[in-house]
Amino acid sequence: MARIYNPKEIEPKWQTRWEADGLYRARIDPSRPKHYALTMLPYPSGNLHIGHWYAMTPSDARARFMRMNGYNVMFPMGFDAFGLPAENAAIQRNIHPKEWTYANIANMRKQLRSMGAMFDWEREAVSSDPEYYHWSEWFFLQLYKHDLAYRRRAPVDWCPKCNTTLAREQVIGEERVCERCGTPVIRKDLEQWFFRITNYVDELLDFSQLDWPEKAALMQTHWIGRSEGAEVVFHTQQGDPIEVFTTRPDTLWGATFMVLAPEHPLVEKITTPGQKDAVEVYTREVLRQTDIQREATDKEKTGVFTGGYAVNPVNDELIPIWVADYVLMTYGTGAIMAVPAHDQRDFEFARKFGLEIRPVIQPEGAEPISAENMTEAIPAWGKMINSGPLTGTPGDQAFERTIAYLEEHGTGKRSVNYRIRDWLISRQRYWGAPIPMIFCQECGWQPVPEDQLPVLLPDDVEWLPTGESPLKLHPTWKKTTCPNCGGEAERETDTMDTFMCSSWYHLRYLSPHYDQGPFDPREYDYWMPVDTYTGGAEHTTMHLLYTRFFHKALRDMGITRGPEPMLQLRNQGQILGPDGQRMSKSRGNVIDPDEQVDRYGADVVRCYLMFGYRWSEGGPWNSDNISGVVRWINRIWSLFTEPSPTGQAPDEKEIRKLRRKVHQTLIQITRDFKEFEFNTIISGLMELLNEMYRVRELGVPATAAWSEAQEIYLKMLAPVAPHIAEELWTDVFGKPYSVHQQSWPEVDLEAAREDEITLVIQVNGKVRDRLTVPVGISEVETREAALRSEIVQKYLNGRQPRKVIVVPEKLVNIVI
RNA sequence: GCCGAAGUGGCGGAACAGGCAGACGCGCACGACUCAAAAUCGUGUACCCUCGGGUGUGUGGGUUCGAUUCCCACCUUCGGCACCA
């Protein structure tokens with residue numbers, strides 16, 4: 001009796017059965033190769049988004065494919081559960097962040113289960129659980145012990161809406177807005193905790209061990225921003241050294257003035273009494289401005305003369321020292337030598353304030369440069385001119401020879417600068433892992449002893465409308481004793497950046513309840529590193545950079561091993577609303593996955609998300625296109641559950657054709673899984689189904705080839721549509737449970753082989769004829785067959801071809 | 001401004017070593033079934049055409065017997081960076 005395809009019945013049925021049987025439990029098994037597949041964990045915002053489905057279900061399909069290929073696969077899931085939205089809910093709706101977070105997690109677990117993914121829920125980790133953040137704190141202490149965590153007063157970015165500092169990476173775009181809430185950040189001078197990610201910059205620039213998208217490596221490379229150059233020491237007339245960094249030491253003889261950042265510590269000292277008022281007015285004005293105003297690249301250069309002079313160490317010339325806000329205190333030394341002839345910014349400044357412009361580089365083949373005629377700086381490399389002893393040095397040697405000259409004379413040295421800053425991890429918020437440090441008036445900052453971890457967050461907290469951290473306001477929590485002298489002391493009330501928690505979650509999945517350390521070393525030895533990591537490209541310069549740093553720092557402490565934590569990375573694109581805009585509640589274009597699952601079933605939603613897009617690109621949700629997938633799934637159901645026509649004798653040729661299509665599809669789909677090309681996996685399965693429908697009418701269903709096709713079909717379907725595949729395999733066909741424990745089918749190359757091919761005949765590059773020829777036809781035979789073609793004869797019209805190109809088993813091009 | 005990626009039918013997309021452009025699907029048209037509609041099934045579907053053929057993968061050039069694919073320039077869209085010395 002044919003049944004109707006009813007995903008509402010079969011999907012929960014199998015989800016329950018798989019879970020009860022522990023089908024997806026990942027256990028150490030040294031006899032099998034392991035595969036650690038990881039997809040970025042969600043923030044428990046309350047509801048799963050269709051974007052989560054888009055990111056996770058193809059990852060799941062691929063993890064399932066790896067499992068069928070003999071790998072012992074771990075595919076864990078958890079929650080990045082600390083963070084500001086929980087506190088905002090607390091302030092707005094008077095719900096405790098813990099309550100809000102854990103209610104959301106409970107809901108999202110349910111939603112995640114409806115995907116039918118092979119998550120191993122026994123390995124679930126939640127970063128806001130004390131048993132998790134115990135070890136976030138412990139990692140902080142290890143970094144502190146190894147001098148990779150330190151406290152420093154520095155100008156930092158502050159989000160006035162979130163009431164907290166942010167890492168440089170969390171300030172987005174030219175508008176310099178908060179990564180979370182989009183509010184423009186302001187600059188504050190604060191004492192904060194930092195991690196020394198800059199100790200690892202050179203290693204972080206090495207991507208040779210990684211199979212990552214080039215784009216991701218490039219973004220990290222740009223973010224780190226390595227520049228090679230020289231450090232040169234100038235001296236003021238009073239004898240104070242001013243260090244500058246330059247990428248163009250070869251232009252040193254063209255330095256006609258110096259510029260200090262307004263915050264530079266020497267500004268006050270070198271300013272002469274006559275310039276004092278002007279300098280003070282200027283610096284005060286600059287410091288008043290927002291970063292956006294100050295760092296706008298199109299604004300006209302401003303600055304003021306200090307009255308002081310410095311000596312250029314290569315020619316002993318006195319050059320004026322200016323203060324200007326186009327020099328940033330946060331990069332290099334906060335001071336520059338200005339070479340207006342060869343740097344556009346210095347050029348604009350010099351023109352505006354009438355400072356000398358002196359060309360010292362003559363690029364090859366260019367007109368001789370003269371200061372009067374220049375309309376812009378000449379940044380190109382070239383022969384050194386007007387450069388004392390180095391005059392005449394060719395462009396390709398200028399850089400090295402100048403550095404050698406500086407080192408010989410003790411006035412400078414080779415130097416490398418980076419754009420990246422140390423990672424600011426202090427957050428003035430409640431809902432995060434406490435920074436386990438104690439301040440004692442006598443002993444200074446002291447780490448919390450490891451046996452006193454975790455420092456627990458207090459539950460009894462209140463929020464003031466000012467948005468100040470409740471930890472700071474708590475009456476007793478911060479009061480403690482100094483671990484060193486036993487005297488009265490105070491806890492650090494700042495918590496850690498949540499990126500700290502997510503820098504090691506892949507390690508917590510190894511053993512989420514282990515209490516002797518952050519993870520069980522036996523699990524580490526078997527499962528790490530992560531073999532395949534998938535997620536959004538927006539995490540490239542934050543989470544992914546932090547995670548790599550974390551792994552390398554821990555490796556140097558002997559905690560982790562190997563060069564990298566995540567070997568292979570793939571980024572999926574983004575699903576937009578049906579209007580092509582980013583989905584958001586305010587636009588009202590949000591697609592709710594629960595609704596879609598309710599309407600079509602999880603298998604259809606999974607397959608549509610795989611079929612409709614290039615996974616790496618994404619695109620707008622299209623509710624029309626899903627009907628193609630609905631039809632396809634229904635046609636699978638019908639073909640596999642309805643009786644096939646009988647009576648007709650099978651045709652050998654059709655049997656051969658079916659087997660060929662089956663095995664060709666298997667080859668194609670195997671490759672597509674490896675390459676993350678999910679759309680052609682589905683279209684391949686659609687094509688094969690169409691072929692099965694075709695031969696069904698031709699007596700083939702009574703044959704062994706038909707049974708083989710059905711079996712291979714369900715195995716290939718299993719990773720993408722796990723429920724219907726299981727239902728058909730186990731319940732309809734009565735094959736041994738579970739389809740998800742079957743091996744990936746073996747390709748029969750003989751069956752996949754074509755025995756004749758369509759030879760394309762071109763005349764002058766245009767297709768004129770097609771011939772059917774046997775596989776293995778020789779080049780000579782191919783050529784002759786093509787020339788015998790009537791159509792070719794007509795074009796030749798008795799003439800000899802000028803040239804005949806033969807591509808074996810593909811094409812002949814006859815040039816007349 | 002700098003760096004990078006991408007532009008293919010009405011639409012999503014395929015073409016994986018430079019060798020049949022448009023697989024698969026949506027949509028549309030026509031047909032079958034039906035009193036009718038939906039669902040389902042079948043056929044067709046890049047454009048132009050005088051039915052010989054001609055044109056066509058953002059635009060213009062180049063390399064090649066042959067280019068969606070390689071090279072150069074430009075346009076558009078998206079992503080990253082942005083006074084980084």
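Quick note on labels: first sequence line is chain A, next is B, and so on, each numbered from 1.
- Between W423(A) and F499(A), the ring centre distance reaches or exceeds 6.0 Å.
- As rounded to the nearest Å, rG42(B) and rC33(B) have P atoms that lie 15 Å from one another.
- Looking at E348(A), its side chain has no donor and acceptor atom pair within 3.5 Å of the base of rC83(B).
- Remark: aromatic rings of Y54(A) and Y613(A) are close, center separation under 6.0 Å.
- Comparing the C1' positions of rA82(B) and rC2(B) gives an interatomic distance of 8 Å, to the nearest angstrom.
- Regarding Q664(A), its CD atom lies at a distance of 16 Å from the P atom of rA15(B), rounded to whole Å.
- A syn base is found at rG9(B): its glycosidic angle is within 90° of 0.
- Spacing between atom CH2 of W322(A) and atom P of rA85(B) amounts to 24 Å, rounded to whole angstrom units.
- In this pair, F673(A) and F678(A) present their aromatic rings perpendicular. The plane angle is above 60°, beyond the 30 to 60° band.
- Residue N690(A) places at least one side-chain N or O under 4.0 Å from the OP1 or OP2 atom of rG25(B).
- Between V806(A) and V804(A), the closest side-chain pair of non-hydrogen atoms falls below 4.5 Å.
- Taking the six-membered ring for Trp, Y713(A) and F640(A) have ring centres closer than 6.0 Å.
- When the P atom is used for both rC3(B) and rC72(B), the distance is 13 Å, rounded to whole Å.
- Taking 4.0 angstrom as the limit, R168(A) places none of its side-chain polar atoms (N or O) nearer than this to OP1 or OP2 of rC81(B).
- OP1 and OP2 of rG25(B) both lie 4.0 Å or more from every side-chain N or O belonging to R631(A).
- In this structure, R176(A) does not reach the rA82(B) phosphate: none of its side-chain N or O atoms is under 4.0 Å from OP1 or OP2.
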Can you check each nucleotide of nucleotides 3-13 of chain B against protein heavy atoms at under 4.0 Å and return B for base, S for sugar-phosphate only, - for none, in 5' to 3' order?
-> SS-------BS
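- Not a single donor-acceptor pair under 3.5 Å links the side chain of E243(A) to the backbone N or O of F234(A).
- Applying the 3.5 Å distance criterion, the base of rC26(B) shares no donor-acceptor pair with the side chain of D624(A).
- Note that R248(A) lies outside the cation-pi zone of F399(A), set by a 6.0 Å cut-off to the ring centre and a 45° limit from the axis.
- Applying the 4.0 Å criterion to OP1 and OP2 of rG19(B), one finds that K810(A) has every side-chain N and O outside that range.
- With respect to D672(A), the side chain to side chain contact (heavy atoms under 4.5 Å, CB included) criterion is satisfied by exactly one of I667(A), T680(A), N679(A): T680(A).
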Under a 3.5 Å cutoff on both atom distances, Watson-Crick or G-U, what's the dot-bracket for RNA chain B ([ ] crossing, | other strand)?
-> (((((((..(((......[....)))((((((.......))))))(((....)))..(((((..]....))))))))))))....
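- Between T680(A) and rA23(B), a side-chain N or O to OP1/OP2 separation shorter than 4.0 Å is absent.
- E781(A) and S778(A) are linked by a side-chain donor-acceptor pair at a separation below 3.5 angstrom, with hydrogens and angles left out of the test.
- rG79(B) takes the anti form, because its glycosidic angle lies more than 90° either side of 0.
- Taking only side-chain nitrogens and oxygens, R635(A) comes nearer than 4.0 Å to OP1 or OP2 of rC41(B).
- To the nearest angstrom, P of rC65(B) lies 14 Å from CG of L811(A).
- Relative to the side chain of R419(A), the nucleotides rG27(B), rA85(B), rC81(B) differ in distance, and rC81(B) lies closest.
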